[in-house]
There are 2 protein chains.
Amino acid sequence: MQDSKSDLQILNRFRQLCQRFGIKLTYQRLEIFRVLLSSDNHPSAEEVYERVKEKVPTISLDTVYRTLSTFEQLGLIRKIHGPDDRARFDPNNKKHYHLVCLKCYKITDFEWPELDNLSPPESINSWGKTQNYYLEIRGICKDCLKKEE
Amino acid sequence: MQDSKSDLQILNRFRQLCQRFGIKLTYQRLEIFRVLLSSDNHPSAEEVYERVKEKVPTISLDTVYRTLSTFEQLGLIRKIHGPDDRARFDPNNKKHYHLVCLKCYKITDFEWPELDNLSPPESINSWGKTQNYYLEIRGICKDCLKKEE
DNA sequence: ATACATGCAAAGTTTTTGCAACTCG
DNA sequence: CGAGTTGCAAAAACTTTGCATGTAT
């Protein structure tokens with residue numbers, strides 16, 4: 001879900017998705033979709049709300065929550081829970097992991113092919129059916145280190 | 001932080017910790033410490049509260065929150081944020097990772113030495129100073145699979 | 001037309017905070 | 001005694017929900 005396409009291309013793509021999943025194409029959903037597409041960071045619901053409000057001033061926060069939840073259920077985005085107490089939403093659907101800054105809570109993606117290829121211990125097979133990995137490396141990002149001196 | 005020692009041993013150990021970190025040894029803190037020691041699961045603040053209340057009926061939930069936060073800052077426990085919306089606390093200080101059930105939100109520890117030994121991509125060195133890994137494998141646990149049939 | 005989506009307001013959850021009373025060291 | 005800790009109550013922060021109105025198909 002990260003591309004830089006023209007408005008029309010995004011519209012067509014979103015229309016397709018709505019049809020495929022049987023949900024209605026509304027202006028609110030489209031603009032939320034756009035905001036997610038153009039996010040390099042991992043916005044919280046509040047941040048998505050603020051950005052969508054520029055285009056759709058009458059949108060309400062609960063619509064943003066509901067839409068994000070819908071998108072999550074459709075597999076378009078992923079909800080992530082970092083050390084920050086608010087949920088964040090990840091529109092990057094390539095296999096990747098997260099660097100989380102414990103000061104500013106910024107989340108940065110990184111890739112780690114060696115981990116992708118590592119098979120988990122067999123012991124976990126007896127636990128149940130596994131679906132996906134979530135890996136976070138926590139620390140302090142460069143910007144925050146600079147501020148500390 | 002997981003042992004099964006006598007009450008006296010735990011008391012002495014906790015007294016030591018309090019002295020080392022310069023915090024006062026209170027009945028509330030001691031009982032919270034005991035509950036954490038005897039937890040094989042990863043209790044939420046509420047769950048710790050419920051269990052401590054059996055011994056210290058007058059304890060308040062906010063004291064539990066404050067104490068857990070203190071313990072976390074001292075490095076005695078780790079706060080974890082799963083798909084469940086409440087924080088959970090992990091008293092296991094051995095290197096380990098988590099299996100998280102998306103149905104019942106139960107968290108199970110597992111070890112993965114191959115991952116411990118895997119060095120992360122160099123690219124992340126330019127990000128900042130990393131402190132620790134957090135890995136979750138999500139799925140459905142055996143019990144919940146059984147309930148579904 | 002009608003089933004779905006939105007906006008509003010209100011409520012629900014989880015966590016934090018101000019403050020007076022209390023307690024450990 | 002005095003700084004640190006607790007309990008209470010209230011508030012804050014984040015998220016969800018009921019319902020009437022509006023809208024996409």
Side-chain angles (χ1 to χ4, degrees), chain A residues 11-12 14-33 35 42-50 52-53 55-74 76-89 105 107, chain B residues 11-12 14-33 35 42-50 52-53 55-74 76-89 105 107:
Chain A
L11 173 59
N12 284 332
F14 190 58
R15 175 162 302 157
Q16 251 182 11
L17 287 169
C18 288
Q19 271 166 3
R20 163 140 53 107
F21 292 120
I23 62 167
K24 287 185 179 165
L25 193 166
T26 67
Y27 184 33
Q28 290 87 336
R29 283 177 175 164
L30 174 60
E31 292 307 323
I32 292 172
F33 185 73
V35 164
H42 301 72
S44 65
E46 190 76 37
E47 284 159 3
V48 172
Y49 175 57
E50 290 303 330
V52 173
K53 224 165 40 171
K55 284 233 186 149
V56 195
T58 62
I59 199 171
S60 66
L61 181 56
D62 54 87
T63 296
V64 174
Y65 272 106
R66 271 189 273 234
T67 303
L68 290 172
S69 170
T70 303
F71 285 1
E72 189 202 359
Q73 276 161 30
L74 302 179
L76 267 48
I77 59 177
R78 210 158 50 124
K79 194 174 181 179
I80 56 187
H81 308 78
D84 194 357
D85 279 331
R86 55 179 67 184
R88 291 174 178 278
F89 295 88
Y105 298 121
I107 302 175
Chain B
L11 174 58
N12 284 333
F14 190 57
R15 177 164 309 178
Q16 252 181 10
L17 286 169
C18 288
Q19 272 165 0
R20 164 139 53 107
F21 293 120
I23 62 169
K24 285 185 180 165
L25 193 166
T26 67
Y27 185 34
Q28 289 87 336
R29 284 179 175 161
L30 175 61
E31 292 307 323
I32 291 171
F33 186 74
V35 164
H42 301 71
S44 64
E46 190 77 37
E47 283 158 4
V48 172
Y49 174 59
E50 291 304 331
V52 174
K53 224 166 40 173
K55 283 236 186 147
V56 195
T58 62
I59 200 170
S60 64
L61 180 56
D62 53 88
T63 296
V64 175
Y65 272 107
R66 272 189 274 235
T67 303
L68 291 172
S69 171
T70 303
F71 286 0
E72 190 204 0
Q73 276 159 29
L74 302 179
L76 266 48
I77 59 177
R78 212 156 50 125
K79 194 175 181 179
I80 57 189
H81 308 79
D84 194 358
D85 278 331
R86 55 180 65 184
R88 290 172 178 280
F89 295 88
Y105 298 122
I107 302 176

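Naming: A, B, ... by sequence-line order, numbering from 1 per chain.
A pairwise comparison of heavy atoms in B:C18 and B:K24 identifies SG-O, 4.1 Å as the closest pair. Contact between B:H81 and A:G82 at its shortest, heavy atoms only, is CG-O, 3.1 Å. Considering all non-hydrogen atoms of both residues, A:E47 and A:H42 come closest at OE1-O, 4.2 Å.
Within a 6.0 Å radius of CD in A:E50, other residues, nucleotides and ligands contribute more than 12 heavy atoms.
Contact between the side-chain N/O atoms of B:S60 and the OP1/OP2 oxygens of D:dG7 is found at a separation under 4.0 Å.
Side-chain contact check for B:V35 versus B:E31: every heavy-atom pair is 4.5 Å or farther apart. Side-chain contact check for B:L25 versus B:R29: every heavy-atom pair is 4.5 Å or farther apart. Looking at B:T70 and B:F21, their side chains never come closer than 4.5 Å, going by heavy atoms from C-beta outward. Residues B:I23 and B:L74 have side chains in contact (heavy-atom distance under 4.5 Å, counting atoms from C-beta outward).
Residue A:D62 places its side chain closer to D:dT16 than to any other of D:dT6, D:dT16, D:dC14.
The outermost nucleotides of DNA chain C lying under 4.0 Å from heavy atoms of chain B, listed 5' to 3', are C:dT14 to C:dG25.
Taking the nucleotide of DNA chain D with the nearest heavy atom to each of B:D85 and B:T67, the more 5' of the two is matched to B:T67. Taking for each of B:D84 and A:V56 the nucleotide of DNA chain C with the nearest heavy atom, the 5'-most of the two is the partner of A:V56.
Protein atom NZ of B:K53 is 11 Å distant from nucleotide atom P of D:dC8, rounded to whole Å. Rounded to whole Å, atom C1' of D:dC14 lies 15 Å from atom CZ of B:R86. The interatomic distance linking B:F14 (CZ) with D:dT5 (C1') rounds to 12 Å, in whole Å. At whole-Å resolution of the value, OH in B:Y49 and C1' in D:dC8 are 11 Å apart. If you measure from atom CD of B:Q28 to atom C1' of D:dC8, you get 14 Å, rounded to the nearest angstrom. For the pair A:E72 CD and D:dT15 P, the computed distance is 12 Å after rounding to whole Å. As rounded to whole Å, 17 Å separates atom C1' of D:dT21 from atom CD1 of A:I59.
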Just the table, please: protein N/O against nucleotides 23-25 of chain D N/O, every pair under 3.5 Å.
from   : atom 1 : to    : atom 2 : distance (Å)
D:dA24 : N3     : A:K24 : NZ     : 3.4
D:dT25 : OP1    : A:L25 : N      : 3.2

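Residue A:L61 is classed as a base contact, given a heavy-atom separation below 4.0 Å to a base. Counting non-hydrogen atoms under 4.0 angstrom, A:T58 reaches the backbone sugars and phosphates but no base. Residue-level contact check: A:E46 touches neither bases nor backbone, having no heavy atom under 4.0 Å from any strand. Residue-level contact check: A:R66 touches the bases, meaning some heavy atom is under 4.0 Å from a base atom.
Scored by the side-chain contact (heavy atoms from CB on, under 4.5 Å) test, B:Y49 finds B:E46, B:K53, B:I59, B:L61, B:V64 as partners (sequence neighbours excluded).
A side-chain contact (heavy atoms from CB on, under 4.5 Å) with B:F89 is found for exactly one of B:I32, B:I77, B:L76, B:I80, namely B:I77.
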